[in-house]
Amino acid sequence: MPHDLEPNVPSMPEVLLQHGVVVLFLWAFVVQAGVPAPAVPMLLGAGVLSGSGQMHLALAVAAAMAATLGADVVWYALGRSHGARVLGTLCRFSLDPDSFIRDAKERFVAHRLRYIVLAKFLPGLNPLAAGLAGVVPIRLERFLLYAAAGALLWAGAWITLGYLFSNAIGLVVSRAARLGMPLAVVVAAVLIAYLVFKYARRQRFLRHLRKARITAVELKRRLDAGDHLVIVDLRMALDIETAPYGIPGAYRIAPETLQHPHHLIPPDSEVVFYCAEPREATSARMALRLASNGFKNIHPLSGGLEDWRGFALEPLVPAAALSGEESDTTHSRNAQ
């Protein structure tokens with residue numbers, strides 16, 4: 001059994017000591033709702049407090065679980081009511097917004113309901129998993145079952161770990177505190193260097209995107225004028241499942257098959273990419289990839305399929321969405 005900690009051990013955030021379960025509930029809610037804040041130290045702290053008799057273990061787990069489930073329900077409802085567009089707001093909290101949503105979609109396709117449980121342990125991904133469950137949509141009762149199971153595992157695992165190893169955690173925190181300023185300076189320097197690198201790469205990406213974009217109006221004008229353009233639909237099967245239509249005549253090609261684009265697209269072609277990610281992220285990345293392979297005229301469609309909705313659309317059959325080699329030469333087909 002864990003032993004009592006000395007009251008002056010600086011292992012707990014002062015606010016957690018003062019307000020206990022209320023702070024734990026609020027902190028778990030904002031973290032699992034998408035705010036980029038560390039959750040694990042707070043959960044471990046609640047466990048250590050429980051081990052020292054200053055907080056009830058079951059009440060701490062229940063509070064964190066209820067907060068997590070509440071955040072899940074909010075994002076599920078937003079996904080049901082606003083569709084995938086609402087998920088774009090989460091990009092603002094990501095250090096790598098260009099791949100953030102697509103990676104989450106790929107994991108969701110691979111794991112479906114299991115991903116709702118797994119996402120609790122992946123920083124920043126829980127609101128995306130809950131929102132995607134609403135977009136698809138997964139039935140509410142099944143969503144709540146898996147969301148509750150994930151919330152219990154997430155809260156229970158970290159708080160119980162803090163409870164069982166309360167003495168060891170208190171000792172580690174005490175010794176780390178003695179290092180004081182030198183440790184803080186090293187950690188801050190590493191973090192700043194990482195953020196500067198990510199920012200510089202992001203600015204390069206945005207500069208290319210601004211130069212290469214084509215608007216839906218311009219694309220329509222050029223198609224009407226008879227210009228020969230190769231239009232490529234980069235959306236995932238999940239995107240087509242939720243929006244089963246596309247630009248007439250577009251090729252459906254999975255981004256991973258464009259490692260060697262010359263096998264699929266003639267190098268002298270003028271190519272227009274569209275996707276379903278915010279800020280045309282996937283289209284812009286593929287445009288950069290083709291440019292590095294010698295392609296000269298590549299344009300991400302500004303606003304993606306969402307901005308094209310005012311023009312002609314071609315119905316698709318979601319179940320017919322292909323990937324890998326099958327998708328390499330497949331046109332978007334009329335479902336009628």
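In this text the structure is predicted, and so the values were computed from the model without any measurement.
Between V117 and H111 there is no side-chain heavy-atom pair separated by less than 4.5 Å. Counting only heavy atoms from C-beta outward, the side chains of D239 and L305 never approach each other to under 4.5 Å. Taking the side chain as every heavy atom from C-beta outward, V232 and M286 never approach each other to under 4.5 Å. Residues D72 and T68 form a side-chain contact, since some pair of their non-hydrogen atoms from C-beta on lies under 4.5 Å apart. L288 places none of its side-chain heavy atoms less than 4.5 Å from the side chain of I298. At a threshold of 4.5 Å between non-hydrogen side-chain atoms, the residues I247 and V272 do not count as touching.
For R289, the side chain to side chain donor-acceptor pair (under 3.5 Å) test picks out no residue, with sequence neighbours left out. Taking L145 as the reference, nothing meets the side-chain contact (heavy atoms from CB on, under 4.5 Å) condition, with sequence neighbours excluded. Looking at residues two or more places apart in sequence or on another chain, you find a salt bridge (Lys or Arg N to Asp or Glu O under 4.0 Å) between E306 and R85, R309. D268 is linked by a salt bridge (Lys or Arg N to Asp or Glu O under 4.0 Å) to nothing, counting only residues two or more places apart in sequence or in another chain. Listed by chain and number, the residues in a side-chain contact (heavy atoms from CB on, under 4.5 Å) with V31 are W27, A37, A39 (sequence neighbours excluded). Residues passing the ring-ring contact (aromatic ring centres under 6.0 Å, His included) test with Y76 are F143, sequence neighbours excluded. With sequence neighbours left out, F311 forms a ring-ring contact (aromatic ring centres under 6.0 Å, His included) with W308. Contacts of E218 classified as side chain to side chain donor-acceptor pair (under 3.5 Å), with partners at least two apart in sequence or in another chain: R221. For H262, the ring-ring contact (aromatic ring centres under 6.0 Å, His included) partners at least two apart in sequence or on another chain are F295. Listed by chain and number, the residues in a side chain to side chain donor-acceptor pair (under 3.5 Å) with Y115 amount to none (sequence neighbours excluded). The side-chain contact (heavy atoms from CB on, under 4.5 Å) test applied to R112 returns F108, V136, L238, E241, not counting sequence neighbours. In this structure, K296 has no salt bridge (Lys or Arg N to Asp or Glu O under 4.0 Å) partners at least two apart in sequence or on a different chain.
Pairing each heavy atom of E270 with each of R222, the nearest pair is OE2-NH1, 2.6 Å. The minimum heavy-atom distance linking S302 with D307 is given by the pair O-OD2, 3.3 Å. Here the shortest heavy-atom pairing between K120 and Q32 reads O-NE2, 3.4 Å. Residues G34 and P127 share a closest heavy-atom pair of CA-CG, 3.7 Å. A pairwise comparison of heavy atoms in I265 and L258 identifies CD1-CD2, 4.3 Å as the closest pair. Taking both residues in full, the closest heavy atoms of L290 and V271 are given as CD2-CG2, 4.5 Å, listed atom of the first, atom of the second, then distance.
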Candidate pair F273 and T282, rule side-chain contact (heavy atoms from CB on, under 4.5 Å), full reasoning:
CA-CA 9 Å; F273 287 128; T282 300; over 6 Å; no

Can H263 and T257 be said to form a side-chain contact (heavy atoms from CB on, under 4.5 Å), step by step?
CA-CA 9 Å; H263 298 159; T257 64; over 6 Å; no

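With values rounded to the nearest 0.5 angstrom, L234 atom CG is found 10.0 Å from E256 atom CD. Taking CG of L118 as the start and CG of N126 as the end, the distance is 10.5 Å to the nearest 0.5 Å. Atom CG of residue D233 and atom OH of residue Y251 lie 13.0 Å apart, to the nearest 0.5 angstrom. Atom CG of residue D224 and atom CG of residue L219 lie 9.5 Å apart, to the nearest 0.5 angstrom. Atom-to-atom distance recorded for L301:CG and T215:OG1 is 8.0 Å, nearest 0.5 angstrom. Between the CD1 atom in I116 and the CD1 atom in I138 there is a gap of 4.5 Å [rounded to 0.5 Å].
Side-chain N or O atoms of T160 include none that pairs as donor or acceptor with a backbone N or O of A157 at under 3.5 Å. Distance alone, capped at 3.5 Å, places no donor-acceptor pair between the W75 side chain and the A130 backbone. Put simply, the side chain of R80 never gets that close to the backbone of L140: no donor and acceptor are under 3.5 Å apart.
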